[in-house]
Engineer: 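So that we are looking at the same thing, I have put the structure below in structure tokens.
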Amino acid sequence: MSTLFDPDEPTDSRPMIVHDGPAGFPSTLGANNAAPPAGFVPGGASAGGLPGGGAWAGGDSLLDGLNPEQREAVEYRGPALLIVAGAGSGKTRVLTHRIAGLIGSREAWPSQILAITFTNKAAAEMRERVEQLLGQASSGMWISTFHSACVRILRAEAERAGLSSSFTIYDSADSRNVIKRIIKELSADTLGFTAAGVSNKISKLKNELADVDSYARNANLNDPQEVMFVEIFRQYTKRLRAAQALDFDDLLAETVFLFRAFPATAALYQRRFRHILVDEYQDTNHAQYSFIKELTRPIEPHVVAELDTAGHHVRSLQDATGAIPGASLTVVGDSDQSIYAFRGADIRNIVEFERDYPGAKVVLLEQNYRSTQNILSAANAVISNNFDRKDKKLWTAIGDGAKIIGYTGYSGHDEAQFIADEIEKLRGEGVAYRDIAVFYRTNAQTRALEEIFVRSAVPYRVVGGTKFYERAEIKDAMAYLIAVANPADELALRRILNTPKRGIGPATETQLASFAEANGISFRQAMRDAGSLGMGPKVTGAIVKLARLLDEAALMLDPAQRSSDSAAGVSSVSEVLGFLLTESTLLETLRSSRDPQDETRAENVEELLAQTKDFVKENPDAGLIDFLTQVSLVAAADDLDDSSGTVSLMTLHTAKGLEYDSVFLTGIEEGLLPHQMSASEPGGPAEERRLFYVGITRARKRLYLSLAMTRAQFGETNVAMPSRYLQEIPGDLIEWRQSPGMANSRGGTQPRALNARRDGYGSRGSSGSDRFGGELPPAPKPKTEWANKVTAQVRDNGDLTLEAGDRIRHVDFGEGRVNQVTGEGTKRVAHVQFDTAGAKKLLIKIAPIEKL
DNA sequence: AGGAAGATGTTTTTT
DNA sequence: ACATCTTCCT
């Protein structure tokens, strides 16, 4: 987060560098720095810089503890470097050391470095580690995501780009709303258009840097379907522009367009960033690729001259021809971990890097420092089934480690119970909750897990999922802020128009819109002028009042206006939000509602208010726009709090780039992994395999693979088949606690069909393990004890008191004896030794138990 | 205008 | 199963 507001301002206290503007080049040197940077110095580093170094980082050489390949990746100097980094091969280490080396050896100023990461969290981590290596904070580095970097550039160059610098950023839900409205107005739904479909298509096009016009030029105008799509696209573009809004894809595309249209503007950034490093390069799409391509373009002599005349310092960077050579580019990636093709990531960007940047150096990192050999062997075996890849084998010096544990549950709930039990077992062995993670393919799978975890008193955290900022009440509150920051944003205005209810219905809304249209004024202005619309006095009053409220809030933020009455200076984001929430009665309405859910909603809004206060504290110089930007660009993985002592639950996609001691990979079933939807996509199954591979390689010491025989979806319970990928793991690596073929306890449930492999995978000698070859037995009946019963009941045992020695009966586990009771109030937990089911922990308040 | 009951679709992944 | 959207009723 701090990366979005990294201290790049002249107000920064450190004397090292003085900046000269948004694209500031270190034009003036601090007194303590004698040597100016001169772009990269080939060979300079190894000669006098790094190895002997230690001058800058508390004496620790940057190369200590690196293997030869890693060293090479840190030390190499040249225009282009590709680091092919297998999972867990220490690429973050290499990147941070490389950056620290560039800065520490004075080859580059921090401000000449642009490092792109996949998430804000990764950016923050990288910044921290670089500063740790350097032994000091280094302002001016840009370490951020593609999107954050583009926002920063676009806000700085807004005028050039034809935008307001306070443009709003629409998330996918916002753009879908706009599209939905357009579809409705054009009655395009009769042609089979859906908001989601159109939104996806537009997103894909923008990722390819197409816009309406370029698309329309090549469109087949005899196809009514196509004509309609073009019309929707056109409307969408028009509305976003009118609202001074950009969607996620625009952020990149507009930046690229800006660079291409204004070479001199681009040159400011080309000149500034002499070293560009991109992480997760395999997941870049065409727009991102182009962004990097533009930034690393050499600056033509005539543009250099232009800059020079404009007073920029460029002479020192010129080569013999008068041009400024392109920045040096380092990309890191692993094509085996490419999992975002579905949203336009183009694996060719990394595969063809050498062709793209002739003379590029390639370094391969294959030694893994994360996982045990058993885990790596499984990963290697799986991924080797993807043809069309460079063979690459991860290896480790760590040793074999524990076997992979396999488990087949009767249902998703059974699977979840197994995981909860195993987590407790691990806990008993001294593994902390925070070192455990549970991965799944789809968010829907969290339900069963959460239910069981709550019951079993396993502390957990869902990373991502339904995000805080996507909640309706938060979007409402945010819409107030957006309306203040960007009066042109009609979407925000319409959203708050009748939230909370103030008697302004859809009819009134339409009247306002057409009034604005007819008079060529903004929706906001139409609200101010509502008096001349001849509506009822009550409605008119409500509209005008809202408009006035927003205007007033805007004044609170405007430094020019602070002259008169209000003694205080410019108000902070939290003050403005507090004002808006109070005056609009949004918060009060939620609090006094009789809908029980509104209580939580009110709490959420208050949480947002608290967050703005934190934000103001951490970023004293940042304004409303900065806050809105930050909120727009937070990702699922960003809010992961490492310090919390909880088990982490997340999707396989979110898991990329993370690692845990113990990993549970759940739902390894056909239809789920690989997912049903991927079957029709061209590279689908291969991408799903990479996803599986990514999941496996997150584990350091222990890996659990679990699946269920039946899984509930769409309210129906369906039979699930083991994933084809399971067979790709050599049997001797897995120890099946309950194998896919032997889940027949309890009076002999039928053995079930696998994808018919006679040698079975892994079933270790237990009875019935090899009975499933060939035949296709009927689907097993869901075990009644589990099937969908957990959801049915919302239990509340009230103030049931238990103490050590009590005997209880549990719906699923039978009878048992309480050994211990811990915790307080509603969180009291009973530690129970069941007669047949073993030891469990139960949350007393809600567990399906009775005292005997 | 606002609320309740009924209809509908949604679940692949995300900056 | 659940949430959201639509339709109908007050």
Side-chain angles (χ1 to χ4, degrees), chain A residues 116-123 144-151 169-173 175-177 180 184 189 194-196 199-200 203 206-207 246-253 280 283-285 287-288 338-345 439-448 451 463-467 470-472 498 500-509 536 538-539 542 594-595 597 629 631-638 650-656 667 671-681 684 687-688 690-691 694-695 711-717 788 790-792:
Chain A
I116 300 284
T117 60
F118 202 64
T119 63
N120 292 306
K121 179 173 180 275
S144 70
T145 62
F146 274 107
H147 295 266
S148 301
C150 288
V151 169
I169 301 165
Y170 279 5
D171 64 21
S172 0
S175 28
R176 213 164 312 149
N177 276 335
K180 194 182 284 171
K184 205 166 181 186
D189 48 340
T194 62
S199 162
N200 273 335
S203 174
K206 286 186 176 178
N207 283 338
L246 298 180
D247 64 25
F248 279 139
D249 306 307
D250 285 333
L251 296 177
L252 275 148
E280 309 284 12
D283 282 326
T284 51
N285 61 35
Q288 292 165 331
S338 159
I339 54 174
Y340 284 106
F342 74 92
R343 72 167 202 226
F439 301 154
Y440 37 82
R441 178 66 232 269
T442 69
N443 283 117
Q445 288 169 256
T446 50
R447 191 159 301 152
E451 278 162 3
V463 182
T466 343
K467 275 156 276 169
E470 283 173 13
R471 293 166 190 275
N498 201 28
K501 305 265 183 285
R502 35 172 90 85
I504 309 175
T508 316
E509 190 182 323
K538 230 167 140 185
V539 186
R594 55 190 169 77
D595 182 342
Q597 290 195 320
T629 303
V631 169
S632 304
L633 297 178
V634 291
D638 289 340
M650 69 190 84
T651 64
L652 283 165
H653 282 88
T654 307
K656 191 175 71 159
L672 216 44
L673 190 74
H675 195 276
Q676 202 71 59
M677 291 291 131
S678 72
S680 51
E681 300 272 320
E687 175 145 323
E688 297 285 306
R690 290 195 291 270
L691 202 47
V694 166
R711 194 163 293 274
Q713 69 167 347
F714 293 100
E716 290 295 295
T717 315
N788 287 342
V790 182
T791 28

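Chain letters run A, B, ... following the sequence lines, proteins first and then strands; every chain starts at 1.
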Engineer: Would you say A:R441's side chain and A:L673's backbone share a donor-acceptor pair under 3.5 angstrom?
Structural biologist: no
Engineer: Please list, for nucleotides 3-7 of chain C, all pairs of protein and nucleotide N/O atoms separated by less than 3.5 Å.
Structural biologist:
from  : atom 1 : to     : atom 2 : distance (Å)
C:dC5 : OP1    : A:K180 : NZ     : 3.2

Engineer: Can you work out whether A:S172 or A:K501 has the more 5'-proximal nearest nucleotide on DNA chain B?
Structural biologist: A:K501
Engineer: Testing the basics here: between A:Y340 and A:E687, what is the closest heavy-atom pair and its distance to 0.1 Å?
Structural biologist: N-OE2, 3.5 Å
Engineer: Determine the contact category for A:T446: base if any of its heavy atoms lies under 4.0 Å from a base atom, sugar-phosphate if only primed atoms, P, OP1 or OP2 are that close, otherwise nothing.
Structural biologist: nothing
Engineer: Between NZ of A:K121 and OG1 of A:T145, what distance do you get to the nearest 0.5 Å?
Structural biologist: 14.5 Å
Engineer: Could you work out which one of B:dT14, B:dA1, B:dG3 sits closest to the side chain of A:R343?
Structural biologist: B:dT14
Engineer: Hey, which sits more toward the 5' end of DNA chain B by its nearest nucleotide, A:L252 or A:I504?
Structural biologist: A:I504
Engineer: Looking only at side-chain N and O atoms, does A:N285 come under 4.0 Å of OP1 or OP2 in B:dT15?
Structural biologist: no
Engineer: Got a second to check how far A:H653's NE2 is from A:T442's OG1, nearest 0.5 Å?
Structural biologist: 11.5 Å
Engineer: In whole angstrom, give the distance that lies between atom CD of A:Q445 and atom P of C:dA1.
Structural biologist: 18 Å
Engineer: Rounded to whole angstroms, how far apart are CZ on A:R502 and C1' on B:dG2?
Structural biologist: 16 Å
Engineer: Quick one: which protein N/O atoms are closer than 3.5 Å to N/O atoms of nucleotides 4-13 of chain B? Pair and distance per line, please.
Structural biologist:
from   : atom 1 : to     : atom 2 : distance (Å)
B:dT12 : OP2    : A:H675 : NE2    : 3.3
B:dT12 : O2     : A:R441 : NH1    : 3.3
B:dT12 : O2     : A:R441 : NH2    : 2.3
B:dT13 : OP1    : A:N443 : N      : 3.3
B:dT13 : OP1    : A:N443 : OD1    : 2.8
B:dT13 : O2     : A:R441 : NH2    : 2.9
B:dT13 : O2     : A:H653 : NE2    : 3.4

Engineer: What's A:N498 touching, base or sugar-phosphate or nothing? Going by heavy atoms closer than 4.0 Å.
Structural biologist: sugar-phosphate
Engineer: Taking atom C1' of B:dT14 as reference, at what distance in whole Å does atom NZ of A:K206 sit?
Structural biologist: 16 Å
Engineer: For C:dT4 and B:dT13, measure between their C1' atoms and round to the nearest Å.
Structural biologist: 22 Å
Engineer: Which whole number of Å gives the distance between the C1' atom of B:dT11 and that of C:dT6?
Structural biologist: 22 Å
Engineer: Any side-chain N or O of A:T284 under 4.0 Å from OP1/OP2 of B:dT15?
Structural biologist: no
Engineer: At what distance, to the nearest 0.5 angstrom, does CG of A:N120 lie from OG of A:S144?
Structural biologist: 8.0 Å
Engineer: Send over the distance from A:L251 CG to B:dT14 P, rounded to a whole Å.
Structural biologist: 18 Å
Engineer: Should A:F342 and A:H675 be marked as a ring-ring contact (aromatic ring centres under 6.0 Å, His included) after you check the CA-CA gap, both sets of side-chain angles, and the distance that decides it?
Structural biologist: CA-CA 13 Å; A:F342 74 92; A:H675 195 276; over 10 Å; no
Engineer: Quick check for you: to the nearest 0.5 Å, what is the distance between A:L252 atom CG and A:N207 atom CG?
Structural biologist: 8.0 Å
Engineer: Nearest whole angstrom, please: distance from the P of B:dT14 to the CD of A:Q288.
Structural biologist: 15 Å
Engineer: Would you check if the side chain of A:Y440 reaches a backbone N or O of A:M650 as a donor-acceptor pair within less than 3.5 Å?
Structural biologist: yes
Engineer: Looking at A:K206, A:R343, A:H147, which hits side-chain contact (heavy atoms from CB on, under 4.5 Å) with A:D249?
Structural biologist: A:K206
